[in-house]
Engineer: 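Dropping the structure in here first, questions after.
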2 protein chains.
Amino acid sequence: MKYIEKLRNSGLRPTKQRLQICEILFETKKTFHFTINDLAIKIKDQTKNKISLATIYNTVHAFEKKGYLKQIPINSSQTYFDTNTTEHHHFYDLKEEKLIDLENCDVGPINIKKKIDGKKIKSVEVLVKLGD
Amino acid sequence: MKYIEKLRNSGLRPTKQRLQICEILFETKKTFHFTINDLAIKIKDQTKNKISLATIYNTVHAFEKKGYLKQIPINSSQTYFDTNTTEHHHFYDLKEEKLIDLENCDVGPINIKKKIDGKKIKSVEVLVKLGD
DNA sequence: GTTGTAGTTTATAATGATTCTAAAAAGGTG
DNA sequence: CACCTTTTTAGAATCATTATAAACTACAAC
């Protein structure tokens, strides 16, 4: 199974629970945004198998560390993750508290002119807040 | 005092505690980043007067709502605020967990091509993560 | 100034996301 | 199968933030 490789790459053994998490995260080509709580609910609904929060946190964080998931920088009480790990940006609808993808072509190229000695740019993320 | 106006504009009566908070936040032209906890410590050190956390949270949030402070979108357990409310962007040093200002001229103009019906862009914020 | 009331401050409790823990369960190797 | 390590899990612990309710204060009306 294709998920086993992802898990091993992330330093995780392929267990039943982790494979179920993979199925929800990576089954579809369509990427999406989620919080740990969203994911826990989805798992409970789709698999009838409750997976404990600790396991979900562990697995998601391992994927994030390996680059299979990305955190979305946003001020919210919960952490948002994105299954789309390509460089892209987001609208955040302040009223509905919803994230919307901005494809890379929706934003002109971003040119960071300042450099910090000894440091490399690891990511450039744009958050566009929307009001009415 | 110049702070009284800021407080009244934010819908707050000028009290001793709030004026002390203003003095720390707005005394200097040099802007800075802080968390609520940073601010609480600064207050205790500089004024010898402990102000309760609830008051600090209330005051900071009122200023943020009015636009005298800005939240910095970043994934961290604490919320970061900025006394620089002009449109500008940030480096975030992942190892040292420190924010560094990027002046507007350090980043080329950002052109958001996508539009969402009925929504207005309220802010555009860029976070550049730095690693070694 | 005194008084009244609505707004404030405060310590403390409550909340909620996340992390930790330790015991039970499962993976993987010989 | 037997062993040892990793994993899962429920529940406890942590920590930032928010709510509460009682004591206090600003300030307007008198």
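Naming convention: chains lettered A, B, ... in sequence-line order (proteins, then strands); numbering from 1 in each chain. All values below come from the heavy atoms of this structure, side chains included, with hydrogens, waters and symmetry mates left out.
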Engineer: Can you tell me how far P of dC27(D) sits from CG of Leu12(B), to the nearest Å?
Structural biologist: 12 Å

Engineer: Would Leu7(B) and Leu25(B) show up in the same hydrophobic cluster when neighbours are defined by side-chain heavy atoms closer than 4.5 Å?
Structural biologist: yes

Engineer: Return whichever of Pro14(B) or Leu53(B) has its heavy-atom-nearest nucleotide of DNA chain D closer to the 5' end.
Structural biologist: Leu53(B)

Engineer: For Lys65(A), look at atom NZ and say whether over 12 heavy atoms of other residues, nucleotides or ligands are found less than 6.0 Å away.
Structural biologist: no

Engineer: Can you identify which nucleotide, out of dT18(D), dG28(C), dC27(D), has its nearest atom closest to the Arg13(A) side chain?
Structural biologist: dG28(C)

Engineer: Roughly, in whole Å, what's the span from NZ in Lys44(A) to P in dT9(D)?
Structural biologist: 14 Å

Engineer: Touch check for Thr55(B), heavy atoms < 4.0 angstrom, all strands: base, sugar-phosphate only, or nothing?
Structural biologist: base

Engineer: Write down the distance between CD (Gln78(B)) and P (dT17(D)), rounded to a whole number of angstrom.
Structural biologist: 6 Å

Engineer: Any base atoms under 4.0 Å from Thr35(A), or only sugar-phosphate, or nothing? Heavy atoms, all strands.
Structural biologist: nothing

Engineer: Taking only the side-chain heavy atoms of Tyr57(A) (C-beta and beyond), determine which of dA10(D), dA11(C), dA17(C) contains the nearest atom.
Structural biologist: dA17(C)

Engineer: Between Lys16(B) and Ser52(A), who's closer to the 5' end of DNA chain D by nearest nucleotide?
Structural biologist: Ser52(A)

Engineer: Look at the side-chain N and O atoms of Thr15(B) and state whether any lies under 4.0 Å from the OP1 or OP2 oxygen of dT9(C).
Structural biologist: yes

Engineer: To the nearest Å, give me how far apart NE2 (His61(A)) and P (dA17(C)) are.
Structural biologist: 14 Å

Engineer: Which nucleotide wins on minimum distance to the side chain of Arg18(A), given the candidates dT8(C), dT7(D), dT17(D)?
Structural biologist: dT7(D)

Engineer: Can you check the Gln17(B) CD to dT10(C) C1' distance for me, whole Å?
Structural biologist: 9 Å

Engineer: Can you classify the ring geometry of His90(A) versus His88(A) as parallel (below 30°), tilted (30 to 60°) or perpendicular (above 60°)?
Structural biologist: perpendicular

Engineer: Whole-Å distance between dT8(C) C1' and Ile51(B) CD1?
Structural biologist: 12 Å

Engineer: Given Tyr68(B), which partner from the list Thr83(B), Asn9(B), Thr85(B) fulfils the side-chain hydrogen bond (donor to acceptor under 3.5 Å, both in side chains) test?
Structural biologist: Asn9(B)

Engineer: Just by distance, do the side chain of Lys122(B) and the backbone of Asp132(A) share a donor-acceptor pair under 3.5 Å?
Structural biologist: no

Engineer: Rounded to the nearest angstrom, tell me the gap between atom CZ in Arg8(B) and atom C1' in dC27(D).
Structural biologist: 9 Å

Engineer: Indicate whether OP1 or OP2 belonging to dT17(D) is found under 4.0 Å from a side-chain N or O atom of Thr79(B).
Structural biologist: yes

Engineer: Check the distance between dA10(D)'s P and Asn49(A)'s CG and give it to me in whole angstrom.
Structural biologist: 11 Å

